[in-house]
Each structure stands twice: as C-alpha cells, then as structure tokens.
**Student:** 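Could you have a look at this structure, given as structure tokens, before my questions?
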Amino acid sequence: MQALSRHSSSEAFVAGDRRLTHAHVRDLLAQYVAAPAHRGVESGVGGAMLSPNRPESWIVQAAAYLLGGHFTGLQSLASVTNHITVREDAEATVPRSRARSMPCGV
C-alpha cells in the first residue's frame, strides 16, 4: 500500500485501452479488502480464482494476502476435476470464477 501511495500518479497497469494509476489500484485494493468482510469472510481463509490476465486478478490476490489469507490461481485450460483438486489441496474456501464479479470491479 505504501508503494502504491508513493507512486500514485504513475501507471500501475495497462490493460488494452485501460490505464490504471497506482492511486486507482490502491483505492480498488482498499475496496477489495473490505468486500469479503461485508460478505462474512473471515481473516486467514484461502481463495481461488480462474481469471484472465487482468489488473483485477492481481488486486484480488493482493487483497487476499493483506487479509492474512492465501490465494491460488486456477489455469484456464485445466479440467474441472483439476480445479477441484487444486482448490482442495490449497484449502481454498472462497472461490471466484471471474475477477469482474467482485462487487467493485472496474
């Protein structure tokens, strides 16, 4: 969070025609950290997400770490059975199918 504040006006991510500054990412990250608490998710839980390479994917991963949890990325070409196995092995109890489905996605 300090690095995002320190370089607030410079670009953090470029995704297609979208450009997100460090300040924008910091603000989104604060929202992504707050969202699980509003949904009853406790600190320390694991999450898994199948998502394309997007800024929101990084933000979700960073939010999980800031909440004291852990995060596992799922591979798009893997089977459903593989996703289930990876989630079980990682003890991921909060799956996200797409980063865009977060309540404060861009």
Side-chain angles (χ1 to χ4, degrees):
M1 296 295 275
Q2 290 175 347
L4 293 172
S5 294
R6 193 174 315 121
H7 306 287
S8 62
S9 62
S10 62
E11 289 181 343
F13 292 102
V14 176
D17 60 350
R18 294 181 337 159
R19 297 180 178 280
L20 302 177
T21 65
H22 283 87
H24 190 190
V25 172
R26 181 197 60 223
D27 295 344
L28 286 172
L29 183 53
Q31 292 175 15
Y32 277 50
V33 167
H38 293 298
R39 295 177 181 260
V41 177
E42 297 179 10
S43 177
V45 300
M49 182 173 59
L50 172 61
S51 178
N53 191 12
R54 300 172 48 110
E56 294 82 5
S57 300
W58 183 89
I59 295 169
V60 168
Q61 182 176 353
Y65 296 143
L66 287 172
L67 289 167
H70 58 275
F71 176 87
T72 301
L74 302 173
Q75 298 298 318
S76 61
L77 299 178
S79 68
V80 172
T81 303
N82 179 267
H83 288 171
I84 291 168
T85 301
V86 169
R87 284 187 53 226
E88 288 173 351
D89 287 349
E91 298 178 357
T93 57
V94 184
R96 292 303 311 167
S97 59
R98 297 182 306 129
R100 188 177 284 266
S101 65
M102 287 296 288
C104 46
V106 244

**Student:** Kindly list each side-chain donor-acceptor pair under 3.5 angstrom involving residues 6-13, sequence neighbours excluded, with atom names and distances?
**Tutor:**
| from | atom 1 | to | atom 2 | distance (Å) |
| --- | --- | --- | --- | --- |
| Ser10 | OG | His7 | O | 3.0 |
| Ser10 | OG | His22 | ND1 | 3.0 |
| Glu11 | OE1 | Arg19 | NH1 | 3.3 |
| Glu11 | OE2 | Arg19 | NH1 | 3.3 |

**Student:** Got a second to check how far Arg18's CZ is from Arg54's CZ, nearest 0.5 Å?
**Tutor:** 5.0 Å
**Student:** Give every donor-acceptor pair under 3.5 Å between a side-chain atom in residues 64-73 and any protein atom, sequence neighbours left out.
**Tutor:**
| from | atom 1 | to | atom 2 | distance (Å) |
| --- | --- | --- | --- | --- |
| Tyr65 | OH | Gln61 | NE2 | 3.2 |
| His70 | NE2 | Ala90 | O | 2.7 |

**Student:** Determine whether more than 12 heavy atoms belonging to other residues, nucleotides or ligands lie under 6.0 Å from atom CG of Asn53.
**Tutor:** no
**Student:** Can you list, by chain and residue number, the hydrophobic cluster partners of Val80 when the side-chain cut-off is 4.5 Å?
**Tutor:** Ile84
**Student:** Check the pair Leu74 / Arg87 against side chain to side chain contact (heavy atoms under 4.5 Å, CB included), numbers first and verdict last.
**Tutor:** CA-CA 8 Å; Leu74 302 173; Arg87 284 187 53 226; 4.3 Å; yes
**Student:** Testing the basics here: between Leu20 and Pro55, what is the closest heavy-atom pair and its distance to 0.1 Å?
**Tutor:** CD1-CB, 3.6 Å
